[in-house]
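A short worksheet on the structure shown next.
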Amino acid sequence: MTRFTRRFNFKIICHFLAVLLVFNGFFMLAASAVSLYFEDGVTTGIFSAGVLTLFVGSVIFLLTKNHKKEIKKRDGYIIVTFGWLIMAFSGTLPYVMTGAIPNFTNAFFETMSGFTTTGATILNEIESLPESILFWRSLTHWIGGMGIIVLAIAILPLLGIGGMQLFAAEAPGPSSDKLHPRITDTAKRLWLIYFLYTLIQTLLLNLAGMSLFDAINHSMSTLSTGGFSTKNASIAHWNDIPAIQYITIVFMFLAGTNFVLSYFAFKGRFSKIFRDEEFRLYGVFILIFTFIVASIVYFQADFSISSIAHPEVFGKLEASIRHALFQVLAIVTTTGFVTADYTMWTPFLTMFFFGLMFLGGSAGSTSGGMKIVRHLITIKNGILEFKRAFHAHAVLPVRYNERAIPQSIVFNILAFFIFYILLFIIGVAVFSFLGLDFQTALGGAASTLGNVGPALGGLGPVFSYDMLPTLGKWWATFLMLVGRLELFTVLILLTPFFWRNR
């Protein structure tokens, strides 16, 4: 055995990847059942994709079943990053083997956008796709969304990703380099809440006027904060049914909230929810931003050119508030649904929504972006720096939820901000080099890195990402993956010292 192989537990790495392939295969078979039900003509292709994925995963699973139970940090980083990659590569099979997206680059882009819950699409005629392919697109969101919850609660604290420990402190989780049985219990509870929310939203949307098929797909996209829709116009397709938008608003808010708080709510421990600083700030942000947008939309935006249909349903004021609240939540939680082309409202609001792409929802939610807890701690640390300037010897720790935060986590969060902005700048530069105009490059980099979906310019809410050149699509998928996995999880694999013996 070489020194290189001793650094990693390759059997357990392959074993975890095999489990993911098996799960992916079963979900593809579920999509093939949808194809059979609707008789959409692609049953054979999607069934073959499921069987192939299931077979490869099962073989690897059996070959690696005799592995050491210990998983170290190095193994964890590889499992998380390559796990998302293996899901994305295998997830292209239903698109390619059915001919729905025959181009591999486009299929990989769509799949990565699905599993990372970005919601950016290269498709221009979504409604012409077979029902099973539409279901598979939404299913990739749903799988990826719950994977992020389990990742954030159970895996990232194990890997020492700064900031994630803050919300996980109250939840069961790992406490050493060995996978703790409590991770399984945590995952089960979170899956149950996730499934329950999806079921409730599906029923409500169906009652409000969506078909059952559309309701299922949009519920999976909402709870995962993904944004894939079965309609070309997204939620704007139902602009004449405000109830559908209000239902989606409620569940976007829940999806952007720390899922541990949902667990506390089901346990009746509401005091923990309202004492949570991040949750309070999340709510305040939504209210303030909605007020700003609604005021400008009401007094300045022209409904006739901003794609807000039927404002007369409950009046202009109600329509302004509803569309403002919807779009603020869609961007902050990185869901990416649209009820209007917000880039047509006013130039100020275009830049305002661009800024919201950097906010993100709560830690421990399915949303992307920087996360509110990081902004909160960075602001608190900045304020304390003023005090330290006058009291150089004073011990002034940053506090979150009435607990002092270790300085190492504060440094990690500050490093996260630096790398995030640096990667955004590089992202803009690469898109510009590939021929995109400045506004489109800005929006594309912010949206893909933050897993938002709709962007600005040529990648705005009413356009697709099909206009990107081939290299641009691969660069966008890289940004999606890095942003979804909290930067360090992926970037650390690109450093030489990760692969060294020490």
**Request:** For Gly457 and Phe463, work out which heavy atoms get closest and say how close.
**Result:** O-CD1, 3.6 Å
**Request:** For this output row, return yes or no: ring centroids of Tyr342 and His323 closer than 6.0 angstrom.
**Result:** no
**Request:** May I ask you to test the Leu17-Ile60 pair for a side-chain heavy-atom distance under 4.5 Å?
**Result:** no
**Request:** Quick one: closest heavy-atom pair of Pro397 and Ala404, and the distance?
**Result:** CB-CB, 4.0 Å
**Prompt:** What do the steps show when you test Ser362 against Asn258 for side-chain hydrogen bond (donor to acceptor under 3.5 Å, both in side chains), and what is the final call?
**Reply:** CA-CA 5 Å; Ser362 304; Asn258 185 345; over 6 Å; no
**Request:** Return the minimal non-hydrogen interatomic distance between Leu384 and Leu396, and the atom names on each side.
**Result:** CD1-O, 3.4 Å
**Prompt:** Is any side-chain heavy atom of Ile249 less than 4.5 Å from a side-chain heavy atom of Phe337?
**Reply:** no
Side-chain donor-acceptor pairs of residues 284-295 under 3.5 Å, sequence neighbours excluded:
unit_1 : atom_1 : unit_2 : atom_2 : d
Thr290 : OG1    : Ile286 : O      : 2.6
Ser295 : OG     : Phe291 : O      : 2.7

**Item:** Test item: Arg484 side-chain N/O and Met480 main-chain N/O as donor-acceptor pair under 3.5 Å
**Value:** no
**Request:** State, with a plain yes or no, whether a side-chain heavy atom of Gln201 is found less than 4.5 Å away from one of Thr248.
**Result:** yes
**Asked** Centroid-to-centroid, Trp136 to Phe27, below 6.0 Å?
**Response** no
**Phe326/Tyr246 aromatic ring centres below 6.0 Å** = no
**Message:** Before you tell me yes or no, could you show the steps for Asp341 and Thr343 under side-chain hydrogen bond (donor to acceptor under 3.5 Å, both in side chains), namely the whole-Å CA-CA distance, both residues' side-chain angles and the distance that decides it to 0.1 Å?
**Reply:** CA-CA 5 Å; Asp341 183 0; Thr343 62; 2.5 Å; yes
**Prompt:** Within the distance-only criterion (no hydrogens, no angle test), does the side chain of Thr489 pair as donor or acceptor with the backbone N or O of Glu486 below 3.5 angstrom?
**Reply:** no
**Message:** Pair Trp474, Thr105 - check side-chain hydrogen bond (donor to acceptor under 3.5 Å, both in side chains), show working.
**Reply:** CA-CA 7 Å; Trp474 284 102; Thr105 295; 3.1 Å; yes
**Message:** Taking the side chain as everything from C-beta on, heavy atoms only, tell me whether Asn217 gets closer than 4.5 Å to Leu139.
**Reply:** no
**Asked** So, does Ser113 use its side chain to make a donor-acceptor pair with the main chain of Ala120 at under 3.5 Å?
**Response** yes
**Asked** What is the ring orientation for Tyr197 with Phe259, classed by angle as parallel under 30°, tilted 30 to 60°, or perpendicular over 60°?
**Response** perpendicular
**Prompt:** Does Asn106 reach the side chain of Lys473, with side-chain heavy atoms less than 4.5 Å apart?
**Reply:** yes
**Request:** With sequence neighbours excluded, give me every side-chain hydrogen bond (donor to acceptor under 3.5 Å, both in side chains) pair touching residues 420-438.
**Result:** Asp437-Thr440
**Prompt:** So, Lys380 and Glu277, do they make that salt bridge, N to O below 4.0 Å?
**Reply:** yes
**Request:** State yes or no: are the ring centers of Phe419 and Phe488 separated by less than 6.0 Å?
**Result:** yes
**Qualifying residue for side chain to side chain donor-acceptor pair (under 3.5 Å) with Thr118, from Thr477, Thr334, Thr225, Asn451** = Asn451
**Request:** Indicate yes or no: does Arg275 engage Glu402 in a salt bridge with an N to O separation below 4.0 Å.
**Result:** no
**Request:** Side-chain contact test, heavy atoms from C-beta onward, threshold under 4.5 Å: evaluate it for Met87 versus Ile143 and give yes or no.
**Result:** yes
**Asked** Among all residues two or more places apart in sequence or in another chain, which pass the side chain to side chain donor-acceptor pair (under 3.5 Å) test with Tyr95?
**Response** none
**Asked** Which atoms form the tightest heavy-atom contact between His141 and Gly114, and what is the distance?
**Response** ND1-O, 2.9 Å
**Message:** Counting C-beta onward and ignoring hydrogens, is there a side-chain heavy-atom pair between Phe417 and His375 closer than 4.5 Å?
**Reply:** yes
**Request:** Compute the centroid of each ring, for Trp142 and then for Tyr194, and state whether the two points are separated by less than 6.0 Å.
**Result:** yes
**Step-by-step salt bridge (Lys or Arg N to Asp or Glu O under 4.0 Å) determination, Lys371 to Glu278** = CA-CA 9 Å; Lys371 304 294 190 304; Glu278 184 184 34; over 6 Å; no
**Prompt:** How close do Ala255 and Thr222 get, heavy atom to heavy atom, and via which atoms?
**Reply:** CB-O, 3.5 Å
**Request:** Determine whether Ile101 and Phe109 make a side-chain contact, defined as any pair of heavy atoms from C-beta on separated by less than 4.5 Å.
**Result:** no
**Request:** State, to 0.1 Å, how close Thr333 and Tyr282 come at their nearest heavy-atom pair, and which atoms those are.
**Result:** CG2-OH, 3.4 Å
**Asked** Within the distance-only criterion (no hydrogens, no angle test), does the side chain of Tyr465 pair as donor or acceptor with the backbone N or O of Gly453 below 3.5 angstrom?
**Response** yes
